[in-house]
Amino acid sequence: MEYSQEQLNYFRLCYVGFDLVPVGLRQIFKKEWDFLYRTTSFGEWKDTAQNGLDFYKKESKKSRKKNARYLTTIQSGNTAEWDSSCLFFAIRYSDSVGNTLSPAVQKEVDDIRLVRNEIAHITEAKLTDADFQTSVDRVLKIFTSLGLATTEIQEIKNQKSFPTKEVENFKKQVRDLQDELDQTKCDLKETKNALQSTEADLVSAKEENKALTQEMSAKLQPFCFLASTPPHDIIRRSHDIERITKKMEELSSGANGGVSTVYLSGNPGCGKSQIAQEIGQQFFSERMGDVENLIFVATLNSETIETLADSYMTLGRYLRITEYALSRLESLKIEKPLEAVQQLHRLVLPKVTKFTKWMIIADNVVDLRSVQGLLPQTGNKEWGHGQVLITTQDSTTISHDTPHTYHESLSKGMRLDEAVELLENVSQISDPEQAENVAKLLDFQPLALAAAAFYVKTVISSGSSNYEWKAYLRDISTYVQRHEIETVLANENLAYAKTTMAAVEMAIERAVDTDKVLRHTFSFLSLCAHYDLPLEAVSKFVKAQTKDQPEGLIKAKIVRSSLLLVHSEKGDERRYIRLHKTVYEALIRGEVLKLTSEEINCNLAEAGKVFKSLFQGNDEDYAIFRTLRPHCESLLKHITPNCSSDQLRTFLRTSAPFVDLNMVADWLRSLASICCHFCDLLFAKTVVDLGCDLLEDIEDTDPGAFLKGDILSTRGLVYDRIGKYSQAEGFHKKALMIRKNIFGEDHTDVASSYNNLASVYCTLGKYNQAKELHEKALVIWGKINGEDHVDVARSYNNLASVYSSLGEYNQAKELYEKALVIWKKINVEDHVDVAPCYINLAAVYCRLGKYNQAKELHEKALVICKKFFGEDHTQTAASYFHLAKVYRRLEEYNQAKKLIERALIIWKKIFGEDHAHVATSYNDLGSVHYSQEEYNQAKEFQEKALMIRKKVFGEDHPDVAASYDNLASVYKALGEYNLAKEYSEKALMIRK
């Protein structure tokens with residue numbers, strides 16, 4: 001029995017819909033599952049029963065009840081047993097995968113389900129040629145968009161009958177016959193028929209036939225065609241090339257004769273294209289000497305389907321595909337570029353298999369999903385032994401950790417030595433120190449470096465022979481100037497068709513338009529400073545804005561973006577991200593994100609919540625403070641550029657739907673508190689003053705009063721630290737009054753206010769008032785917590801300090817010992833909280849002249865600090881410092897100097913140069929040198945201490961006065977009496 005053509009069309013379409021479509025759906029499901037769960041406890045999908053159980057666990061009770069029929073099959077874990085309905089549920093509607101699909105994949109899966117349903121509802125088992133072609137083309141388009149293999153569908157599309165096994169075996173033997181030869185013969189036959197009217201036309205046809213025959217029989221030759229090269233010397237990035245080449249060789253060896261794929265990702269201008277070209281050139285050069293090997297290297301410009309079609313045409317010519325066949329595709333390339341690429345892809349395949357080894361560089365891929373199906377497929381052995389090298393910014397779509405693939409991000413740019421070499425070679429200026437500054441400013445990005453060097457060279461050759469890198473650094477101070485400087489190179493050569501800035505803006509726009517996680521990520525980063533930021537901060541912000549996204553997926557999308565740099569600090573479990581300077585500059589211009597004022601206010605409010613939550617519970621974590629501090633300052637400038645209370649109130653009015661007054665005030669209070677804790681006092685003052693400006697707007701409810709008390713208390717602490725004691729006294733009194741009105745006398749916050757006010761009185765020399773208030777605090781804490789409590793121990797410690805200031809050292813010693821007893825009772829003897837008691841008690845022994853006993857206690861404290869904190873910690877540094885004071889009293893100055901220097905090294909490592917503790921170390925080093933009559937060294941260290949103290953505290957602070965006094969003594973010893981008098985008068989003015 002013979003079937004009609006329409007019946008055969010129906011059978012073939014059924015094969016596509018019911019056999020090939022499920023194969024593609026299984027690949028999509030596994031890809032999406034692996035993307036979500038490979039790095040989790042579930043792991044990648046391997047068609048095991050455990051996989052099925054994990055899937056079932058991820059489904060909600062509602063889903064389990066509604067989709068019980070599908071889940072019964074799915075629980076086996078073997079996707080080969082799942083029919084299309086199961087697969088559509090698993091991909092599109094399940095809780096585990098369906099909720100996370102990108103819009104593009106959702107659309108294509110919905111389209112393929114629609115096609116399959118249409119096939120299933122064909123009532124008559126017949127299909128016209130036109131309907132068959134339309135349905136198959138729809139499936140082909142969907143498979144290509146999803147990055148699935150289309151070879152089998154193409155074969156079904158082109159099939160004219162159902163072959164028997166014998167015919168199939170015969171076809172297998174002649175499969176190497178080229179599609180283009182069949183096409184050419186057809187075209188020649190038509191040409192001959194059309195030209196038979198005249199003898200001249202017949203001759204012309206014979207000549208054309210002869211030319212085509214010669215062209216088709218032309219011998220294939222090795223070839224290498226690469227992209228445009230820059231107009232200047234290229235610096236070979238040897239370390240990167242050698243590392244990537246070695247990985248490619250390993251992949252090639254393990255591919256078992258199939259295709260392996262390498263991805264080079266990175267932000268615009270990171271040099272991925274240039275490295276790919278150099279790898280291709282090296283690949284070709286190293287193998288050209290082997291006459292037995294037929295090799296080629298080809299670059300396909302994959303930025304768009306149109307550029308890819310042009311590149312495939314060029315590749316076709318190198319592969320000796322007939323000009324006649326290629327010319328027929330020229331018009332199709334213009335009208336239907338995707339179809340042209342697909343046909344070229346088929347024509348190229350049989351030619352490529354004749355080569356021993358080959359490399360195809362798919363350069364500048366913008367949308368990886370749309371291009372992958374048009375390249376040799378990873379693992380496919382039809383194409384022979386070759387490699388595909390893909391350069392792309394679309395790193396979020398790259399399949400990670402799959403067989404026969406390798407991915408490397410080049411976002412970090414060049415090595416420092418290579419960057420300097422590039423700058424010097426192109427600019428012809430030899431100034432390594434300044435070149436390093438330029439390289440760091442430009443984030444070691446090759447395109448930006450090349451543009452800088454070319455611009456400098458152009459300026460010099462245009463008559464400014466004295467132009468140098470210092471001048472360039474001044475010229476590049478703004479975004480507009482940088483764009484103009486880069487345009488000089490972009491206009492010179494096709495290799496730099498776009499400036500870095502233009503390419504970056506396009507990349508950001510693509511990212512924020514296609515992925516809401518990245519949109520919120522860049523929205524948050526646009527409010528921050530250009531420094532490292534904990535990944536945790538960004539993910540918290542994005543999670544708050546996208547309730548439906550799992551936190552793991554959010555972090556995965558962030559770290560895989562080629563526009564972000566991700567790293568971890570040594571000894572720190574946190575992961576940090578930062579932006580390249582060009583990306584940051586593009587963001588802060590505000591033209592890329594196109595946010596509404598409502599979105600901006602919502603983002604500002606949420607960013608404040610994120611930073612406040614990260615500060616809570618981190619009072620001893622200076623690393624997190626140092627990291628977040630510049631970002632908090634940047635956020636504050638977005639809210640109130642001039643630190644004006646009027647600007648702050650305007651922000652609160654316009655952002656009322658997203659943020660309440662109390663939240664902002666409390667954020668400012670917590671920020672000021674942590675800044676004060678880590679001696680960032682001037683910024684702490686700015687922030688707490690802003691918070692206090694909001695006091696009159698806070699409602700007079702109990703929570704409002706509680707917040708007012710906290711803000712005033714924090715302001716009192718800040719003003720106490722900066723030496724404005726009268727104001728500090730006033731703020732603490734107001735906080736005490738509010739807290740007593742809310743809580744009455746017996747409350748820990750009231751005791752804290754007594755304690756804070758007493759500390760101010762002690763500094764002002766009002767020791768009796770201080771003593772009275774510390775005793776009140778002690779009574780309250782004892783009543784609330786009992787005798788054996790940390791607050792009671794601290795209260796004894798503070799009260800002892802007052803007695804010490806009064807010169808009543810025995811009473812002070814007794815109280816310190818009481819505190820020590822409590823600490824030891826609460827904790828073990830060598831607990832971290834015992835160390836401060838040892839230090840304070842040692843100070844009393846010093847006052848009593850018992851230096852050896854003091855030294856013994858300080859050494860005990862040092863052992864505890866090193867045990868609990870290690871060497872590089874503020875507590876350890878403080879312990880070194882206090883022990884040094886004892887050695888000074890014992891006049892063992894060299895030993896004292898060594899200990900102060902060790903403390904100084906630690907404090908500088910933790911806090912940087914501009915910190916009160918660093919200033920104190922310089923001050924005491926100066927005093928040691930003064931005691932040893934080394935006056936010039938003493939002067940140097942005292943001047944450093946003065947400079948830092950003025951920067952940290954401002955001019956009117958007791959520590960600044962102390963520095964002036966110390967310098968006056970040094971100048972007097974040096975015989976510079978006028979300067980000594982001047983500095984003594986400055987100290988006196990401050991104290992007045």
Side-chain angles (χ1 to χ4, degrees), residues 28-45 54-55 57-63 89-110 367-369 394-400 507-528 533-564 566 574-577 579 587 593-596 598-600 602-611 613-614 658:
I28 295 168
F29 170 77
K30 289 180 180 179
K31 186 175 183 179
E32 294 295 334
W33 176 276
D34 289 349
F35 173 70
L36 291 170
Y37 303 113
R38 180 186 290 110
T39 58
T40 70
S41 59
F42 290 145
E44 63 183 34
W45 192 276
D54 290 340
F55 184 100
K57 288 177 181 177
K58 290 291 292 182
E59 296 305 297
S60 64
K61 289 183 180 179
K62 181 179 179 182
S63 174
F89 159 70
I91 297 168
R92 190 66 181 85
Y93 303 109
S94 66
D95 296 331
S96 55
V97 173
N99 291 336
T100 64
L101 285 183
S102 68
V105 175
Q106 287 180 15
K107 178 183 178 303
E108 300 299 351
V109 172
D110 287 343
D367 185 353
L368 197 52
R369 287 183 185 273
D394 188 14
S395 56
T396 56
T397 313
I398 295 173
S399 299
H400 291 258
I508 297 174
E509 286 175 355
R510 281 194 297 268
V512 301
D513 287 345
T514 57
D515 195 301
K516 60 183 178 181
V517 167
L518 292 181
R519 177 176 176 79
H520 290 304
T521 296
F522 286 115
S523 297
F524 180 52
L525 294 174
S526 69
L527 302 175
C528 299
L533 187 63
L535 174 60
E536 178 189 4
V538 187
S539 64
K540 275 179 175 284
F541 178 88
V542 177
K543 179 65 178 173
Q545 306 282 44
T546 55
K547 306 292 185 185
D548 59 328
Q549 295 280 333
E551 187 174 357
L553 180 60
I554 290 172
K555 289 184 177 179
K557 287 185 175 181
I558 293 171
V559 301
R560 289 174 65 175
S561 171
S562 61
L563 294 168
L564 300 170
V566 184
R574 294 187 189 92
R575 299 178 80 186
Y576 295 89
I577 66 170
L579 295 170
L587 279 179
L593 293 173
K594 300 179 179 63
L595 299 173
T596 65
E598 184 176 289
E599 287 175 315
I600 292 170
C602 177
N603 290 342
L604 289 167
E606 194 58 50
K609 294 177 187 176
V610 167
F611 288 136
S613 70
L614 290 175
F658 317 106

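One-based numbering along the sequence shown. No experiment lies behind these values; they were computed from the predicted model shown.
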Take L579 and F522 through the side chain to side chain contact (heavy atoms under 4.5 Å, CB included) test and state the conclusion after the steps.
CA-CA 9 Å; L579 295 170; F522 286 115; 3.9 Å; yes
W33/R38 under side chain to side chain contact (heavy atoms under 4.5 Å, CB included): CA gap, chis, key distance, verdict
CA-CA 8 Å; W33 176 276; R38 180 186 290 110; over 6 Å; no
Could you go through Y576 and L533, starting from their C-alpha distance and side-chain angles, then the distance that decides it, and tell me whether this counts as side chain to side chain contact (heavy atoms under 4.5 Å, CB included)?
CA-CA 5 Å; Y576 295 89; L533 187 63; over 6 Å; no
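In terms of modelled atom types and a separation under 3.5 Å, the side chain of R560 and the main chain of I398 share a donor-acceptor contact. In terms of modelled atom types and a separation under 3.5 Å, the side chain of N603 and the main chain of S523 share no donor-acceptor contact. Judged by distance alone, the side chain of T546 and the main-chain N or O of Q549 form no donor-acceptor pair under 3.5 Å. Listed for the Y37 side chain is no donor-acceptor partner under 3.5 Å among the backbone atoms of D54. Without hydrogens or angle criteria, D95 side chain to S63 main chain gives no donor-acceptor distance under 3.5 Å.
E598 CD: 12 or fewer foreign heavy atoms inside a 6.0 Å radius.
Side-chain contact check for V538 versus I554: every heavy-atom pair is 4.5 Å or farther apart. At a threshold of 4.5 Å between non-hydrogen side-chain atoms, the residues T596 and I600 do not count as touching. Inter-residue side-chain proximity for K540 and L614 is flagged as met; some heavy-atom pair is nearer than 4.5 Å.
A parallel orientation is assigned to the rings of F541 and F524, their planes being inclined by less than 30° (bins at 30° and 60°). Ring geometry, F89 versus F55: the interplanar angle exceeds 60°, so the pair is classed perpendicular (tilted spans 30 to 60°).
Note on E509 versus K594: salt bridge recorded, some NZ/NE/NH1/NH2 to OD/OE distance being below 4.0 Å. Ion pairing of E551 with K543 is absent here, as no side-chain N (NZ or NE/NH1/NH2) approaches a carboxylate O to less than 4.0 Å.
Rounding to the nearest 0.5 Å gives a distance of 9.5 Å between OG of S395 and CG of L368. The CG atom of L525 sits 13.0 Å away from the NE2 atom of H520 when rounded to the nearest 0.5 Å. For the atom pair OG (S539) and CZ (R575), the distance works out to 11.0 Å, reported to the nearest 0.5 Å. Separating the CG atom in L535 from the NZ atom in K555 is a distance of 5.5 Å, to the nearest 0.5 Å.
Heavy-atom minimum distance, V97 versus L36: CA-CD1, 4.2 Å. I558 and I577 make their closest contact through CG2-CD1, 4.2 Å (heavy atoms, listed as atom of the first residue, atom of the second, distance). Here the shortest heavy-atom pairing between S561 and L518 reads CB-CD2, 4.0 Å. In terms of heavy-atom proximity, R519 sits nearest to L593 at NH1-O, 3.4 Å. What you find for G98 and Q106 is that their closest heavy atoms are O-NE2, 4.4 Å. Between I91 and L101, the closest heavy-atom pair is O-CD1, 3.3 Å.
With sequence neighbours excluded, no residue forms a side chain to side chain donor-acceptor pair (under 3.5 Å) with D513.
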